[in-house]
Amino acid sequence: MPSPHSMHDDIEHVLISEPVLQARVATLAAAIQEDYAGRDLVLVGILRGGVMFMVDLVRHLDMPVEMDFMATSSYGNATESSGVVRILKDLDTSVDGRHLLIVEDIIDSGLTLRYLMENLANRNPASIAVCALLDKEKTQGDSVVQPEYIGFSIPDRFVVGYGLDYAQKYRNLPYIGVLKPSVYGGE
Ligand code: IMP
Ligand code: MG
């Protein structure tokens, strides 16, 4: 038998620990609950990266909400978003006249979210807002979307865990970590 390989061995360092993540999710949920009190709210989770965040977030919401999901893939180069997005799975819910909160794992260029917001705006919702767990710090003015709710601003490094993947792996890590460059073919 080969010796078991731990996912944790592939992590250079933990950027956001599990307790820090969970505390922040609870705080975001409290703000959302206050802002949307008495409104018809549909949470739109973006598959697959936004799933962990979405399910933890809703468990803190003591109000009636609906959960739905969309899956997208961006055309072209895998490491940089082209901004041209294909919808792989659409919402099952009609959003006409309803308040939408997009729940996303991370904003990098923001192009994916901008496309989604434009697409959803055509369906005549009462409002659209964005809740992103992570926002990558870029040079000023780079981000094309300003989320209403942000969990953490992080350095412009490739991160995994808590929904975020590298080659579809590491989504099940309970924290956000930076991958060792050796894992993706670096030195
Ligand atoms: P954007 O269109 O450039 O904002 O791309 C956002 C999408 O790229 C996210 O929804 C993630 O799926 C993916 N992504 C961006 N940065 C990272 C990262 O550091 N780790 C894992 N996935 C990432
Ligand atoms: Mg994503």
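One-based numbering, in listed order, for ligands and for the atoms of each.
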Nearest-option assignment for atom 14 (N) of ligand 1, heavy atoms, candidates Ile154, Ile106, Asp108:
Ile106

Which pairs count as salt bridge (Lys or Arg N to Asp or Glu O under 4.0 Å) when at least one residue sits in residues 145-174, sequence neighbours excluded?
Glu12-Arg157, Lys138-Asp156, Asp165-Arg171

Run the numbers on Gln22 and Asp56 for side-chain hydrogen bond (donor to acceptor under 3.5 Å, both in side chains), then give the verdict.
CA-CA 8 Å; Gln22 292 299 335; Asp56 282 347; 3.0 Å; yes

Does a donor on one side chain sit under 3.5 Å from an acceptor on the other, for [X] and [Y]?
X: Asn172; Y: Tyr162; value: no
X: Thr93; Y: Asp68; value: yes
X: Tyr170; Y: His8; value: no

Within less than 4.0 angstrom of ligand 1, does Val145 place any heavy atom?
no

Please verify whether a non-hydrogen atom of Gly110 lies at under 4.0 Å from ligand 1.
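A heavy atom of Gly110 does come that close to ligand 1.
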
Residues in side chain to side chain donor-acceptor pair (under 3.5 Å) contact with Tyr36, at least two apart in sequence or another chain
none

What atoms of ligand 1 come closer than 4.0 angstrom to any heavy atom of [X]?
X: Thr112; answer: 1 (P), 2 (O), 5 (O)
X: Lys136; answer: 16 (N), 17 (C), 18 (C), 19 (O)
X: Ser109; answer: 1 (P), 2 (O), 3 (O), 4 (O)
X: Glu104; answer: 10 (O)
X: Asp165; answer: 21 (C)

Flag Val159 as yes when one of its N or O atoms lies below 3.5 Å from any N or O atom of ligand 1, and as no otherwise.
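N/O-N/O distance below 3.5 Å exists for this pair.
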
Region of [X] engaging ligand 1 - heavy atom pairs below 4.0 Å:
X: Leu164; answer: side chain
X: Asp105; answer: side chain
X: Arg157; answer: backbone

Is Lys136 reaching over with its side chain to a backbone N or O of Ser153, donor-acceptor style, under 3.5 angstrom?
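No, Lys136 side chain to Ser153 backbone: no donor-acceptor pair under 3.5 Å.
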
Is there a path of hydrophobic side-chain contacts, each under 4.5 Å between heavy atoms of I/L/V/M/F/W/Y residues, joining Val103 to Ile150?
no

